[in-house]
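Report on one structure; see the data block that follows.
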Amino acid sequence: MASGTPSYLIVEPCPVIKGEIEVPGDKSISHRAIMLASLARGKSKIRHFLPSEDCLCTLKAFEAMGVRVEKEGKTTLFVEGKSGILDPPFEALDCGNSGTMMRLMAGILSAQPFYSRLVGDRSLSRRPMHRIIEPLRLMEAKIRAEGEGNTPPLFIEPSSLKGIEYKLPIPSAQVKSCILFAGLFASGITRVIESVPSRDHTERLFEQFGVRTLRENGHIVLHGGMKLESADIVVPGDFSSAAFWIGAAAALPNSELRVRSVGLNPTRTGLIKILLRMGAQIEEFVESDMKGEPIGSLWIRGNKLKGTVIEGDEIVGVIDELPILAVVGALAEGVTEIRNAQELRVKETDRIKAIVTNLRAFGVEVEELVDGMRIQGRDFVQPARVESFGDHRIAMAFAILALRASRASRIDDVDCISTSYPGFEQDLNALTHSFSKDWIEEPNKKIRGFIERLTGADKLEPVKKKEIPYPVITIDGTTASGKSTVAQEIAKALGFTYFNTGALYRAVTWRILSLGYDVHDEEKVVEACSRLKLRCAIQKIDSFYKATVILDERVPDEKTDLRSAEVNAAVSIVASYARIREWLLPFQRELAYQTPLVVEGRDMGSVVFPESPYKFFLDAQLEEREKRREKQGEKDDVEKRDRLDQSRSSAPLLCPADAVRLDTTKLSIEKVVDKILDVLWKKGLPITKSKA
Ligand SMILES: Nc1ncnc2c1ncn2[C@@H]1O[C@H](COP(=O)(O)OP(=O)(O)OP(=O)(O)O)[C@@H](O)[C@H]1O
Ligand SMILES: Nc1ccn([C@@H]2O[C@H](COP(=O)(O)O)[C@@H](O)[C@H]2O)c(=O)n1
């Protein structure tokens with residue numbers, strides 16, 4: 001994340017996430033714990049407190065009202081409570097970006113014997129406060145909103161509160177908690193009725209601070225005047241922060257993730273239920289609920305998920321998780337629909353609009369609905385530059401979607417992430433970095449083993465085909481049919497890396513010839529290859545990415561080394577040796593774990609990437625191909641090379657049954673490229689080319 005203004009986050013693609021994570025403390029619980037500790041009698045200890053901007057605003061507000069706080073590191077607080085009576089603050093209390101803080105504070109301050117004013121940042125100043133003003137006034141609070149349409153600042157005068165019975169018109173933990181906080185100081189009984197259960201952290205924390213509420217059939221009953229006693233609180237990891245990793249790991253096939261010490265309060269874990277319905281593999285282990293809130297671990301394994309409908313009563317339990325659920329839906333098979341989520345329009349930003357705008361920027365088809373959206377899932381997205389709209393959850397959700405793009409994406413204005421998740425970027429790096437280390441090194445080890453066993457090995461270990469995380473477009477075909485030319489254009493149009501596998505066979509042939517070997521002597525060729533130091537690197541030339549072959553620490557010259565008449569004549573002989581082909585196989589597959597590819601050669605679709613759903617085969621009449629080669633000024637027996645390539649026993653040149661075959665004899669290069677892009681577009685790849 002860049003410091004200063006404007007801030008941004010560059011997210012490199014990463015097909016899987018792997019590792020273990022412990023997320024920072026729960027935001028909702030951290031806010032409430034400070035509030036209750038400040039109002040209690042005696043010294044409370046709060047461990048694993050979330051030192052985010054939001055929660056620090058709450059802390060600062062209570063310090064401004066005479067509460068003494070000692071800190072041990074950043075996350076342990078000792079709070080000296082004021083036994084219910086706070087000191088009048090000298091100035092307005094700043095709630096920053098936090099709706100929770102403003103709404104809950106309004107309940108507390110309505111009962112205090114002084115005048116107070118609550119202000120917020122630009123985003124908070126647009127959020128509706130009528131929903132708390134109404135019940136507080138029914139409790140005889142003197143509160144008014146100074147902003148247009150009942151928006152902040154809030155001005156509160158001292159008054160004596162009385163208990164009420166209040167049925168929540170919308171499911172809202174903030175409104176419920178505001179009333180319950182006020183109810184602590186009200187005369188008589190306060191009863192809140194909710195038709196759909198919202199998060200119950202306030203009720204659970206009241207109990208830890210010695211105030212019991214009666215909870216039955218959606219009724220929460222509190223007797224006014226009960227005293228809060230100090231408590232020792234352990235804040236669990238924030239499920240809503242963990243949700244980004246849970247969603248990512250569930251939706252990115254082959255991911256493996258353990259989330260430790262996370263809050264598993266059932267009013268918060270609706271996301272798990274929905275992901276399971278979409279086909280996710282998640283295991284939940286509650287390890288402790290001694291301290292009022294269940295805490296435990298989650299194990300998640302990545303899968304291709306299926307679209308679903310999220311609506312009705314389910315919405316309240318996943319309201320904060322809807323941005324990441326929309327992202328998960330965008331990567332799932334089929335359609336995901338979110339309904340009855342109009343509340344999203346009055347969050348830190350209009351989240352429906354923000355999600356729809358950003359999904360479209362990533363090339364996802366999405367329909368905006370008044371109360372939600374309809375998302376058409378796809379396998380990959382196009383890289384994009386998007387905004388957070390000043391909303392932490394939008395910023396983080398789209399950082400996750402960016403992992404599934406073909407190139408780096410940029411999320412602008414990401415300072416807001418510290419509202420709830422300081423350290424998000426470091427965690428993103430750690431989880432995606434552990435991927436690159438494990439997964440990229442493994443094929444390298446395989447390659448080394450291969451070279452060691454190459455000579456004299458009777459039986460070569462078969463290369464296990466691990467699932468490839470990126471799209472691979474294969475273009476096979478006869479000599480001079482236009483494979484290289486077309487493959488490069490497709491790679492440019494998609495932003496994928498171009499890989500000419502013929503160059504691999506040519507490089508080896510060139511080196512064998514320059515070392516003086518007879519290419520017809522298979523044993524000697526194989527033995528010589530076992531000593532070659534070969535690797536492929538991705539090179540960026542302007543905005544074009546290309547795989548380059550490096551042999552014995554030298555990049556052979558394309559024209560003089562690789563395309564000489566000698567190499568043209570010998571390459572198909574070297575390429576016919578099964579052990580050479582097996583040796584070169586992992587080099588080709590390895591690149592596909594690092595980047596989306598357009599690969600061209602003779603056996604790309606049939607042997608190297610048989611699982612690819614994007615296969616093409618080019619051919620043209622021999623005369624035409626000979627003409628093209630001649631025009632290039634190269635000495636090459638096109639017919640002989642084809643014959644050798646087609647007749648060898650190992651991975652012969654053929655058109656895979658599931659490939660799209662194109663005869664290019666009468667087609668211009670542009671036409672061939674357009675035809676291929678059309679097919680890819682129809683198959684759902686994100687084509688950025690203007691035509692598609
Ligand atoms: N559709 C086409 N119409 C006319 N010329 C073409 C067409 N496609 C490619 N060419 C030209 O033919 C020549 C050979 O093309 P290219 O090198 O792409 O073929 P290739 O199949 O990759 O060959 P090789 O098998 O040797 O790698 C190039 O000069 C290219 O510009
Ligand atoms: N996947 C491949 C690619 C190439 N070959 C052999 O290399 C020769 C040169 O290829 P060009 O595409 O550069 O002309 C080709 O004739 C094949 O013998 C291969 O076997 N498999």
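Just so you know, ligand 1 is whichever comes first in the structure, and atom 1 is the first atom listed for that ligand. Heavy atoms only: backbone and side chains are in, while hydrogens, waters and symmetry mates are out.
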F544 ring centre to K492 NZ or CZ under 6.0 Å, with the angle to the axis within 45°? yes
Distance under 6.0 Å and angle within 45° of the ring axis: does R407 meet both against Y545? yes
The criterion is side-chain contact (heavy atoms from CB on, under 4.5 Å); which residues satisfy it with A480, sequence neighbours excluded? R625, R629
About how many Å separate [atom2] of [Y] and [atom1] of [X], when rounded to the nearest 0.5 Å?
X    : Y    : atom1 : atom2 : value
L331 : L252 : CG    : CG    : 6.5 Å
F499 : L591 : CZ    : CG    : 5.0 Å
I473 : E600 : CD1   : CD    : 13.0 Å

Can you name the residues that come within less than 4.0 Å of ligand 2, going by heavy atoms only? T501, G502, Y505, R506, R563, V571, S572, A575, R581, G601, R602, D603, M604, R641, D645, R648
K304 bridged to E333 by N-O distance under 4.0 Å: no
Excluding sequence neighbours, so at least two apart, what forms side-chain hydrogen bond (donor to acceptor under 3.5 Å, both in side chains) with R258? S297
Measuring centre to centre across the rings, with the benzene-like ring taken for any Trp, is Y577 within less than 6.0 Å of W583? no
Residue shell around ligand 1, heavy atom under 4.0 angstrom: T478, T479, A480, S481, G482, K483, S484, T485, R563, R602, R628, R629, Q632, R641, T664, L667, S668, I669
